[in-house]
Amino acid sequence: MEKICAGIVTFNPDKEILISNIASIIDQVDAVIVLDNGSTNIKMIDELCKQNEVILLKNSKNQGIARALNQLCQYAIDNDFSWIITLDQDSITEDNLIKELTRYVSNDVAILAPNVIYRHNEKFADEIKKGIREEQWVITSASLTNLNVWRKIGGFDENLFIDGVDRDFCIRANQAGYKVLKDYNVSIWHDLGNLKCRKMFGRTIYVTNHSPKRKYYMVRNAIYLDKKLELNTSKLYIIKILIKTLLYEDDRIKKIKDIKKGISDGKKMVH
């Protein structure tokens, strides 16, 4: 069987949640690697990694999720791992996650991902599916990534910093002829901003309440990816963000200001 490691990116993590994160995955893989992105509580992370025989890599400052993921993948390749499961610092996995996902390991598969259940999601009951399905893209958290494909398509795009990193990677993998699969027989719980569900025209919609800075990256990167990948999705996406922000969220003035800056900077990123 090919060697599999887990890679966890941390940035000022909660101690108890990180303990649960590591405990949930450590017995499923050959090694756990933590890449810290400049946390102020690095001493706690260091001690925790030593106690659990977890490999710790450190950045002196936050260089973004894409950079951290690339560092994890390169370390994994350098140490003869073939697949890496990437986890957010608050990801708690089911104990059969790796066993289930590895049923579908193949050279033509770029990513194998579990079903994602968003906390506080009132729409969950309507979204139950079963089986394995091919998807255009999946989130990075709890995705099992083929390191050979990562190398061939040039890794994660560090221009993105955060937001859209997973979407960009999956679409490029698809364009290169690789599959992105989601296994609905195994799940992971995930936090999507400060998710609330609201009613609009009789429909339930997601309101994520992301910070102004995160709104900036969401909008900037959507425009960048439209140009880079020859998509046409950013306009509707940004309109939805604006409507939800104006109608349902706090700190509207700051968020709208950052959204406008994101639009401007996104247009400058690709010429």
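We find that Lys3 and Asp80 are not joined by a salt bridge, their nearest charged nitrogen and carboxylate oxygen being 4.0 Å or further apart. Salt-bridge annotation for Asp226 and Lys235: absent, with no side-chain N of the basic residue lying under 4.0 Å from a carboxylate O of the acidic one. A salt bridge is absent between Arg252 and Glu249; no separation between the charged side-chain nitrogens and carboxylate oxygens falls under 4.0 Å. Of the charged side-chain nitrogens involved, at least one lies within less than 4.0 Å of a carboxylate oxygen, so that Lys228 and Asp168 count as a salt-bridged pair.
For the residue pair Arg151 and Asn148, a side-chain donor N or O sits within less than 3.5 Å of a side-chain acceptor on the partner. Counted by atom type alone, Tyr248 and Asn209 present zero donor-acceptor pairs between their side chains at under 3.5 Å. In the model, Tyr216 has a side-chain atom that pairs as donor or acceptor with a side-chain atom of Asp265 under 3.5 Å.
Side-chain contact between Val186 and Asn115: absent, with no pair of heavy atoms (C-beta onward) separated by less than 4.5 Å. With a 4.5 Å cut-off on side-chain heavy atoms, Asp90 and Asn21 do not count as touching. Here the side chains of Trp137 and Asn174 are not in contact, with every heavy-atom distance at 4.5 Å or above. The shortest side-chain heavy-atom distance between Ser143 and Val138 falls under the 4.5 Å cut-off. Looking at Ile117 and Ile188, their side chains never come closer than 4.5 Å, going by heavy atoms from C-beta outward. The shortest distance between side-chain heavy atoms of Trp83 and Leu147 does not fall below 4.5 Å.
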Let me see the working for Thr145 and Ile85 under side chain to side chain contact (heavy atoms under 4.5 Å, CB included), right down to the final yes or no.
-> CA-CA 6 Å; Thr145 300; Ile85 185 160; over 6 Å; no
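Judged purely by atom type and a 3.5 angstrom limit, Asp36 has no side-chain atom pairing as donor or acceptor with the backbone of Lys58.
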